[in-house]
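These notes concern the structure reproduced below.
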Amino acid sequence: MKKMRILSWNVNGIRAIQKKGFIDWLLTEDPDILCLQETKAAPEQLSEELLNINGYKSYFSSSIVKKGYSGVAIYTKQEPIKVEHGFGIPKFDDEGRIVVAEYKEFVLINIYYPNGKKNEERLQYKMDFYEAFLDYSNKLVKKGKKLVICGDVNTAHKEIDLARPKENSKVSGFLPIEREWLDKFFSHNYHDTFRMFNDEPENYSWWDQVTRARDRNVGWRIDYFFVSDNFKKNVK
DNA sequence: TCCATGCACAC
DNA sequence: CAGGATGCG
DNA sequence: GTGTGCATGGACCGCATCCTG
């Protein structure tokens, strides 16, 4: 299989980053596949330039329950065999959190997992989403598919994965139940690809912008690339 | 996230 | 239609 | 009285949308 480079980015508004030079950035960075989360836009709100970037096919999934909310996208050089927009469960598909692109060599799953901070209901929704996702991915593996899963998981797994573990042990994003679900997920033979190559602390993917936490690297590692066991050997 | 505040406790 | 308020993260 | 630990509350930024005048 030829070498491919896949990137993942929670953009917090694709129209906002377009104004800050996103298209030039993508053409310079030149990945084979780019996965975006929190695009906060429906395709019909997007400009022609954003829909058709030179050399890429694009696929969007957007929320049908709330305008300007959630949303994910894939930009891909190679056209997938098939693209889907959910697990087949309306409750989880309707917020525009899922894009699945099937290629000959693997299935790419780009997900913006729910945030559980708002209230108890949303935390439960997040946990239910996790379970539905695990069901979905396990079924694909059982069918012999090789999975590459990426996105904003909204949970740090271990103490090493955030700067303030003690202070956040009762905050959604580092709750015992959320961390235990990740334990369970990995016990089904999926791998956290970053940790295949790096076991150092202070490697984060998200920082609170309210407190300018990035300046001090007070962050969390909540964005991941996972692979199923049958694809592990392909990860470089 | 960080700071201020209030409260309980130990020494 | 600019600007403030709100929802969400 | 002073130190430490824990709990609570408020300000804080950015994007997109909605409301108001």
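Each chain gets a letter, A, B and so on, in the order the sequences are listed, and its residues count up from 1.
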Are OP1 or OP2 of [N] and a side-chain N or O of [X] less than 4.0 angstrom apart?
| X | N | answer |
| --- | --- | --- |
| A/Trp220 | B/dT1 | yes |
| A/Arg164 | B/dC2 | yes |
| A/Lys66 | C/dC8 | yes |
| A/Asn168 | B/dT1 | yes |
| A/Lys40 | D/dA16 | no |
| A/Gln45 | D/dT17 | yes |

Sugar-phosphate, base or nothing in reach of A/Glu38, heavy atoms under 4.0 Å: sugar-phosphate
Sugar-phosphate, base or nothing in reach of A/Lys20, heavy atoms under 4.0 Å: sugar-phosphate
Closest to the A/Arg97 side chain, choosing from D/dC15, C/dG9, D/dA16: C/dG9
Nearest to side-chain heavy atoms of A/Ala16, which nucleotide of D/dC15, C/dG9, B/dC2: D/dC15
Taking atom [atom2] of [N] as reference, at what distance in whole Å does atom [atom1] of [X] sit?
| X | N | atom1 | atom2 | answer |
| --- | --- | --- | --- | --- |
| A/Arg122 | C/dG7 | CZ | P | 15 Å |
| A/Asn12 | D/dC13 | CG | P | 15 Å |
| A/Ile17 | D/dA16 | CD1 | P | 9 Å |
| A/Lys19 | D/dG14 | NZ | C1' | 12 Å |
| A/Lys117 | C/dG7 | NZ | C1' | 16 Å |
| A/Glu167 | B/dC3 | CD | P | 12 Å |
| A/Tyr69 | D/dC18 | OH | C1' | 17 Å |
| A/Lys126 | C/dC8 | NZ | C1' | 15 Å |

Heavy-atom donor-acceptor pair, A/Thr193 side chain to A/Phe225 backbone, under 3.5 Å: yes
D/dT8 to C/dC8 separation - P atoms, rounded to the nearest Å: 24 Å
Interatomic distance at P, D/dC12 relative to C/dG4, whole Å: 16 Å
Pair A/Ser137, A/Tyr190: side-chain N/O donor-acceptor within cut-off below 3.5 Å: yes
Salt bridge present between A/Asp161 and A/Arg195 (N-O < 4.0 angstrom): yes
Pair A/Lys126 + A/Glu178, salt bridge at N-O below 4.0 Å: yes
Within 6.0 angstrom of A/Asn54 CG, more than 12 heavy atoms from elsewhere: no
A/Phe174 vs A/Pro165 side-chain heavy atoms within contact, under 4.5 Å: yes
Along DNA chain D (nearest heavy atom to each residue), the more 5'-positioned of A/Arg212 and A/Ala41: A/Arg212
Residue met sooner reading DNA chain D from 5', once A/Gln209 and A/Lys170 are mapped to nucleotides: A/Lys170
